[in-house]
4 protein chains.
Amino acid sequence: MGEAIQKMPRTERGRRTLRSLLDAAAAEFGEKGFHNASISGITTRAGAALGSFYTYFDSKDAIFRALVRDMSRRVKEHVAPAMAGAPDQLGAERQGLAAFLAFAREHKEIYRIIDEAEFVDPQSYRLHYETTAERIRERLQAAAERGEVRTDVSDIHAWAIMGMNVFLGLRYVVWADEEPSKVAAIASEMISDGLKPR
Amino acid sequence: MGEAIQKMPRTERGRRTLRSLLDAAAAEFGEKGFHNASISGITTRAGAALGSFYTYFDSKDAIFRALVRDMSRRVKEHVAPAMAGAPDQLGAERQGLAAFLAFAREHKEIYRIIDEAEFVDPQSYRLHYETTAERIRERLQAAAERGEVRTDVSDIHAWAIMGMNVFLGLRYVVWADEEPSKVAAIASEMISDGLKPR
Amino acid sequence: MGEAIQKMPRTERGRRTLRSLLDAAAAEFGEKGFHNASISGITTRAGAALGSFYTYFDSKDAIFRALVRDMSRRVKEHVAPAMAGAPDQLGAERQGLAAFLAFAREHKEIYRIIDEAEFVDPQSYRLHYETTAERIRERLQAAAERGEVRTDVSDIHAWAIMGMNVFLGLRYVVWADEEPSKVAAIASEMISDGLKPR
Amino acid sequence: MGEAIQKMPRTERGRRTLRSLLDAAAAEFGEKGFHNASISGITTRAGAALGSFYTYFDSKDAIFRALVRDMSRRVKEHVAPAMAGAPDQLGAERQGLAAFLAFAREHKEIYRIIDEAEFVDPQSYRLHYETTAERIRERLQAAAERGEVRTDVSDIHAWAIMGMNVFLGLRYVVWADEEPSKVAAIASEMISDGLKPR
DNA sequence: CATGAATGAGCATTCATTCAT
DNA sequence: GATGAATGAATGCTCATTCAT
């Protein structure tokens, strides 16, 4: 299903080279942006030869796409467990936001990479936000069914919440490096009031 | 006091050329993104010779910066009058959002241009959002003083609102081309509930 | 006889503009070299409009040529009177060299301009040195006829003397800004010994 | 210790490409001068692709600098052995001059290249002449200690001799293509008389 | 004569991608 | 698989020169 986004290494050595290329790409793209980043910058950071890049990726675009998916997967894996065990749906939402912000704090390059996807790989960009909004909407729906929030919640509310989260992360975590849980608390309060059952 | 961002034309003919270059740049950058846009693409659209570009701008970066400021100014000039004459501060906010969305609908390129400023001209990018957030915060403050919203409104609330507005504009106006006033109404309701006096 | 190297001004105002363009060109070419100099740099220094340049000169090359001739004329006019009234031919030579060096000290750009003529206007370059060498040879000839120097003086000797003078001027006057008469004295002594009658 | 003036090839093939670029540059710069020379002119002469130029040099300036040093080295290596085995210091000087002139006859471009360094790379220009003059001065010093020339020889004499040599080479070898040893003989006689012990 | 906007040929430089070893 | 030299299309920018006012 779908062409491979990168050629799969067959040896352990190859696996290590591939991983170091992805890490190097995250650093290079995060620091310079897609267009000012260079393949040679990536291979130098990875300690590999220029030509080795093409053993694993077909093009600069390909590694960028692979990186976006790699980071998406890692965020999800970081956020999901943090939401489990919350008393209610909105509590889970707050913990999820806090977990996302904490991840962004450790991986500030994620903002630049996702944002740049708008230009480099619009499909991934849309997919990323549509998937995220859809997950939020599903949780709002569940909350509505339990009477935690008003019943007319829609995708518009999901997008509004996502926009809030993204901008707060940009301003207070990426730029100002503030405490994620503090920001998450204020945001959650606004949301819960804005969506209170009526 | 500050270097000119573009050389000022001294004749009427020059004024026309400068304007057509800015308009052409908005189209070119909006369509192709900064890096895939070319000076010659801009001058061709503007009906000017390649060299004429450099009569008014020092570089590709310079026209981009000028364009960001030009668009900021135009949005502001479009939104400000729409807010006048609202019964209350939150009503003004809703009309302002609707006006912004209407502007974005006519000038969809504004999203790509502002977003790309994060990479091309980070200073303008921050300035744009910080200025916008500050204006929102001032209006919230005024609303608080009149008892229209809770008294502890802060810049965090301003950034949350801005993030909401931006993402709703992206999703429902730029991508889906929906009716701005409808989107603005739902968003405003969320805000007013989330910020209700307590 | 020969095409005009520059268009002749008919009014007093034009005469002033022409003169200021030549002076500005000397400064601009001396400071930046021919290729890095620009017409607009020249007109700006001269306080004239860009277009006015072409009222007096046909091209960048043309003003350079005009400048070389202008400076040649001025050196000659400065050096000639200094040689008059010397007791003998070699004394005249020394005084001439001192006068040339003094001129170069006041107009250091002359070196760069003449040297660059090798590339910009080879004809003027050759002409300049051939004329200068020829004048030296004629004076050596006269000195030989009076028994002041050996009788087999030739153009080789003239070129040797000229090379000496040029390099001493470059090293000690242009670069080190030393006293011209001191340098001229040592050079003259070497010459007179090297050319003593035998 | 000092940045490399050109990137060092790691393979034999690279070594060949680098050499052919330097030779091509000598021809291109010698024929057209620095500013009218083009990188593509150099690579075409070298039989290499345009981009290959930048595998070895950072810029047009860089290859020019490398070329000046390359030629300096080659002249020195050509002249040094010619001076060995002369009966006395002045004899060595004459043989050295003859060797230099012979080299210039085979590599006429050396004049244009060194002369143009005054504008393109003033540091190399000064260095070239200061080094050359210093070598002459040292030999004069040695000659003075053996009583072959007057004892008050100084750097002024060295510069005078160098100026002579350079201009004679220009006039009689580069322009007129005459026999180097004949010119060297006349020049040496002048020098030896001018510097005779007293 | 003066002015300054308009023109476009020309060129250095970058860098993703290919390929020989 | 790894290496790094070779390739060449693409484009930002300069500036002498022209020309309308």
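Naming convention: chains lettered A, B, ... in sequence-line order (proteins, then strands); numbering from 1 in each chain.
Classified by interplanar angle (parallel below 30°, tilted 30° to 60°, perpendicular above 60°), the ring pair B/Phe57/B/Phe53 is tilted.
Each of B/Arg10 and C/Thr11 was assigned the nucleotide of DNA chain E with the nearest heavy atom; the assignment lying further toward the 5' end belongs to C/Thr11.
Of the charged side-chain nitrogens involved, none lies within less than 4.0 Å of a carboxylate oxygen, so that B/Glu28 and B/Lys60 do not count as a salt-bridged pair. Note on A/Glu116 versus A/Lys32: no salt bridge recorded, every NZ/NE/NH1/NH2 to OD/OE distance being 4.0 Å or above. In summary, A/Arg73 and A/Asp70 engage in a salt bridge, as defined by a charged side-chain N under 4.0 Å from a carboxylate O. The pair C/Lys108-C/Glu31 fails the salt-bridge criterion, with no side-chain N (NZ, NE, NH1 or NH2) lying under 4.0 Å from an Asp/Glu carboxylate O.
Look at OH on B/Tyr56: it is 18 Å from P on F/dC13, rounded to the nearest Å. Separating the NZ atom of B/Lys7 from the P atom of E/dT3 is a distance of 20 Å, rounded to the nearest angstrom.
The shortest non-hydrogen separation linking C/Arg45 to C/Ala27 is NH1-CB, 3.6 Å.
Among residues two or more places apart in sequence or in another chain, the salt bridge (charged side-chain N to carboxylate O under 4.0 Å, His left out) test is passed with B/Arg15 by B/Glu12. Every residue meeting the side chain to side chain contact (heavy atoms under 4.5 Å, CB included) condition with A/Asp23, not counting sequence neighbours, appears here in chain and number order: A/Arg19. For the side chain to side chain donor-acceptor pair (under 3.5 Å) test, residues two or more places apart in sequence or in another chain that qualify with A/Ser124 are A/Asp121.
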Nucleotide N/O to protein N/O under 3.5 Å, stretch nucleotides 12-15 of chain E:
residue : atom : partner : partner atom : Å
E/dA12  : OP1  : D/Ala37 : O            : 3.3
E/dA12  : OP1  : D/Lys60 : NZ           : 3.1
E/dA12  : OP2  : D/Ile39 : N            : 3.1
E/dT13  : OP2  : D/Tyr54 : OH           : 3.2
E/dT13  : OP2  : D/Lys60 : N            : 3.0

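Two residues are said to be in side-chain contact when any heavy atoms from C-beta on lie closer than 4.5 Å; D/Ile110 and D/Val75 meet this criterion.
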Dot-bracket notation for DNA chain E is requested: 5' to 3', Watson-Crick or G-U wobble pairs only, both distances under 3.5 Å, with ( ), [ ], | and . as defined.
.||||||||||||||||||||

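Near DNA chain F, defined here as any heavy-atom distance below 4.0 Å, the residues from residues 12-23 of chain A are A/Arg13, A/Thr17, listed numerically.
When the C1' atom is used for both E/dC1 and F/dT21, the distance is 13 Å, rounded to whole Å.
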